Amino acid sequence: MLDQVLTAYGFSNDIQVTPHGSGLINHTWNIRSQQGNFILQQINHEVFARPWLITENIEKVSTWLKTHFPEVTFPRPVASVKGETMVEIDGGYYRLYPFIEQSFTIDVADTPSQAFEAARQFGAFTRMLSGFPADKLHETLPGFHDLSRRYQDFKQALVKGNPDRLRKAGSLIGYLQAQNGLVSEYEKIRTDPAFRLRVTHHDTKISNVLFDAKGKGICVIDLDTMMPGYFISDVGDMLRTYLSPVSEEEKDLSLITIRESYFQAIVEGYLGQMRDELTDKEKAAFTYSGAFMMYMQSLRFLTDYLNDDVYYGRKYEDHNYIRSLNQATLLDLYQEKMPTLRNITRKVTMEGA
Ligand code: GN1
Ligand code: MG
């Protein structure tokens, strides 16, 4: 199959193909060839039912950036021999990107400066596109970060899910139900015109930022989930994935901590770009956004566990249960620190104003 894809892009046989990255949903490869180095991505068609919507979104945004910010690095999909920016082979969908030379990705934020750079890049992305009509973008995954819908899915799994697993997860289920005030807060945001729909990346983990050799951010990548959305999705997913020194995969939950210096770095990096764009009400929801995403991710992992791992898959029996417990632990620690974190946000907001 991969051979046919490579032929569609005009590669000959003397190339090197190696797997790349660690995403749960799409597959990615590195390609070294005489024509240069590339990144090949297979889009998960079970998750993205209409992958051509992604292509259309990327083209619109790419054209906008080329026109308004010609100096900015932005990896554009490479056309196939037939001139398509996405190829379909046997029901699989693939996209090829030029590899940006001297660029690096990292899997975990090891210094506050990396968190700052990433937040600056995601902030700059939304800022540069603030004049672009966000409602012209397709919703590639309808309801993706709709917390109310995720909570409904969870409630449905409580009725229809695997009975053994429901028993096993009893106390975690109780904890998540008790936190459902976070859903009400989201409902207020959704109906408040002060929260603008913006071009939102929706997958702001640090491996979606390219860094240069000096550790400066170059640009953001992986625009599959770029859709109209609220800024709390992007800031929240950074908080969810950069604050703790260990990821959602960690089984030793005692290693999860909230690193305040990383929080501060994210606030500074993001607001440095977005301060003038965000309304006061949006700024006031900065801290909430972390709880919003941690909660949603814990719900999603647990829902999948109760539904026998149909979405995320698993590497061991209780994988999605542990992932959910990990995210619930993160949420708990985060909420304990909220007063301190709110002070940091307030200070940074005022300093730059
Ligand atoms: C998925 O495939 P990956 O790892 O980039 C998921 C995100 C989750 C993440 C959790 C389309 O992203 O929403 O936060 O797993 N993407 C989709 O690791 O569901
Ligand atoms: Mg992704």
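Treat the numbers as computed from the prediction; the structure is a model and nothing was measured. Indexing begins at 1, ligand by ligand and atom by atom, following the structure's order.
- Using cut-offs of 30° and 60° for the angle between ring planes, the F263 and Y334 rings count as tilted.
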Mind listing the side-chain donor-acceptor pairs of residues 210-218 below 3.5 Å, one per line with the distance, residues two or more places apart or on another chain?
from	atom 1	to	atom 2	distance (Å)
D212	OD1	K214	N	2.8
D212	OD1	G215	N	3.0
D212	OD1	K216	N	2.9

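- Atoms of ligand 1 found under 4.0 Å from any heavy atom of Y311 (numbered from 1 in listed order, with element): 11 (C), 17 (C), 19 (O).
- Set against the non-hydrogen atoms of E248, the atoms of ligand 1 under 4.0 Å away are 10 (C), 18 (O).
- Taking only non-hydrogen atoms, the option from H202, M293, R300 nearest to atom 13 (O) of ligand 1 is R300.
- Heavy-atom proximity to Y312, at under 4.0 Å, picks out these atoms of ligand 1: 8 (C), 15 (O).
- Atoms of ligand 1 found under 4.0 Å from any heavy atom of L141 (numbered from 1 in listed order, with element): 11 (C).
- For a threshold of 3.5 Å applied to N or O pairs, the pair formed by D237 and ligand 1 contains no separation below that value.
- For the pair D146 and R190, the salt-bridge criterion is met [side-chain N within less than 4.0 Å of a carboxylate O].
- Heavy-atom contacts of D203 reach the following atoms of ligand 1: 5 (O) (cutoff under 4.0 Å).
- Distances shorter than 4.0 angstrom occur between a heavy atom of R240 and an atom of ligand 1.
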TODO: Could you please spell out the steps behind the side chain to side chain donor-acceptor pair (under 3.5 Å) verdict for T85 and E59?
DONE: CA-CA 9 Å; T85 50; E59 304 219 320; 2.9 Å; yes
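- Applying the side-chain hydrogen bond (donor to acceptor under 3.5 Å, both in side chains) rule to D110 yields no partners; only residues at least two apart in sequence or on another chain are considered.
- For the pair K168 and D318, the salt-bridge criterion is met [side-chain N within less than 4.0 Å of a carboxylate O].
- Look at K205 and you'll find a heavy atom under 4.0 Å from some atom of ligand 1.
- Nearest heavy atom pair, residue I173 against residue L302, reads CG1-CD2, 3.8 Å.
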